Q: 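Below is the structure I would like to discuss, written out as structure tokens.
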Amino acid sequence: MMTDAPEVPVIAVDGPSGVGKGTLARALVQRLHWHYLESGALYRALGLLAERRGVALDDARGLAQLAAGLELLFADGAVWLDGEELGDSIRTEAAGRRASQIAPLPAVRAALLRWQRRCARPPGLVADGRDMGSVVFPSAACKIFLTASAEARAMRRFKQLREKGFNVNIARLLRDIRERDWRDSKRSVSPLKRAGDAFELDTTGLSADEVMAVVFKRVEQTWPLLKRG
């Protein structure tokens, strides 16, 4: 059985869509100068690649082969696939639905599990997703689980997409969030759940700066020698 790499410091940031995982994780990366893994982007990029290569989203074997050779890079706040910056092409609701469709496939998750664990490199890794602390890096010394009400998450997503020029409907966003929560919690492989030793934080009424302040206190308690940037 493959295990994660406990000798490399890992901060696992988990939670459902729209709770602020990415904002928090990128702020931690900027402050600590560690490597970054955005698990959700893996599945979104794989779904995009499958569409481009003509691989059906229910073709577990074909998707696993694509996943095994995925050339994805996180750099300077951007996601690069085969040397192409993906930009907002993986931030659409359609990209999210593709990711949600392929995420439950065991062969896909196994291929991407190996990919993700290779991201744990010195000096450390900040990994955000839905099963970073429970499955991918169960030995991570610092595990954060963010929550927020579905209504707050839908409004955040609405504002984010509107700022990027997308035409979106708040009622549909709320419905999609609730449906995805249900699928993520009920899937047989790596369901969305808080790791038993994770620190849980409800972000509903908190700003990004307030969330960062609370979490970094937790990080400093885990590794007292870390200095603020």
Side-chain angles (χ1 to χ4, degrees), residues 1-43 74-79 109 112-153 155-157 160 177 181 184-185 190-229:
M1 176 179 175
M2 179 179 285
T3 59
D4 56 324
E7 69 275 7
V8 176
V10 174
I11 300 173
V13 181
D14 287 311
S17 176
V19 292
K21 299 188 302 294
T23 300
L24 170 63
R26 287 188 290 272
L28 287 168
V29 167
Q30 185 175 22
R31 178 166 288 183
L32 298 172
H33 305 292
W34 285 7
H35 298 289
Y36 177 44
L37 166 62
E38 183 188 352
S39 177
L42 284 177
Y43 290 93
F74 300 97
D76 301 322
V79 182
R109 298 200 73 86
L112 290 182
L113 177 63
R114 292 187 287 271
W115 197 102
Q116 290 171 99
R117 285 179 171 167
R118 289 197 296 269
C119 292
R121 305 186 304 274
L125 175 71
V126 179
D128 88 62
R130 286 171 173 74
D131 61 353
M132 296 297 97
S134 58
V135 175
V136 182
F137 299 107
S139 298
C142 186
K143 300 178 184 178
I144 309 297
F145 191 89
L146 301 183
T147 64
S149 70
E151 292 77 10
R153 291 153 52 202
M155 182 55 67
R156 290 172 186 172
R157 185 66 174 154
Q160 180 185 54
I177 282 175
D181 285 351
D184 285 349
S185 64
S190 299
L192 172 64
K193 63 179 182 180
R194 182 179 68 85
D197 55 346
F199 172 73
E200 184 170 339
L201 178 63
D202 188 336
T203 69
T204 299
L206 301 178
S207 68
D209 287 343
E210 288 170 332
V211 171
M212 181 63 186
V214 172
V215 170
F216 205 78
K217 281 186 178 180
R218 188 76 178 186
V219 171
E220 288 180 319
Q221 291 170 0
T222 306
W223 296 289
L225 295 180
L226 286 179
K227 303 295 185 183
R228 292 181 181 270

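The figures that follow rest on heavy atoms only: side chains count, while hydrogens, waters and symmetry mates do not. Everything numeric here is computed off the predicted structure, so don't read it as measured data.
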Q: Would the distance check show the side chain of His35 and the main-chain N or O of Ala120 forming a donor-acceptor pair, the cut-off being under 3.5 Å?
A: no
Q: Has Glu210 got more than 12 heavy atoms of other residues, nucleotides or ligands less than 6.0 Å from its CD?
A: yes
Q: Is there a side-chain contact between Trp115 and Leu37, using heavy atoms and a 4.5 Å cut-off?
A: yes
Q: Compute whether any side-chain donor of one residue and acceptor of the other, for Asp202 and Thr204, lie under 3.5 angstrom apart.
A: yes
Q: For Pro138, is there any backbone N or O sitting under 3.5 Å from a side-chain donor or acceptor partner on Lys143?
A: yes
Q: Kindly determine whether Val219 and Phe199 satisfy side-chain contact (heavy atoms from CB on, under 4.5 Å), including the steps that lead there.
A: CA-CA 11 Å; Val219 171; Phe199 172 73; over 6 Å; no
Q: Provide the closest heavy-atom pair for Gly124 versus Val8 in the form atom of the first, atom of the second, distance.
A: CA-CG1, 4.0 Å
Q: For Thr147, does its backbone N or O pair with a side-chain atom of Thr203 as donor and acceptor, under 3.5 Å?
A: yes
Q: Could you pull out all residues at least two apart from Tyr36 that satisfy ring pair (Phe, Tyr, Trp, His ring centres under 6.0 Å)?
A: Phe74
Q: Please list every donor-acceptor pair under 3.5 Å in which a side-chain atom of residues 17-24 meets a protein atom from a residue at least two apart or in another chain.
A:
residue, atom, partner, partner atom, Å
Lys21, NZ, Gly15, O, 3.1
Lys21, NZ, Pro16, O, 2.9

Q: Can a donor-acceptor pair be found, under 3.5 Å and without considering hydrogens, that links the side chain of Gln116 to the backbone of Leu112?
A: yes
Q: List the atom of Cys119, the atom of Leu125, and the distance in Å for their closest heavy-atom pair.
A: O-CD1, 3.6 Å
Q: On a heavy-atom basis, which atom in Gly129 and which in Ser39 lie closest, and how many Å separate them?
A: CA-CB, 3.9 Å
Q: Mind checking whether Leu206 and Leu201 have side chains closer than 4.5 Å, heavy atoms only?
A: yes
Q: For Asp14 and Met132, indicate whether the former's side chain and the latter's backbone hold a donor-acceptor pair under 3.5 Å.
A: yes
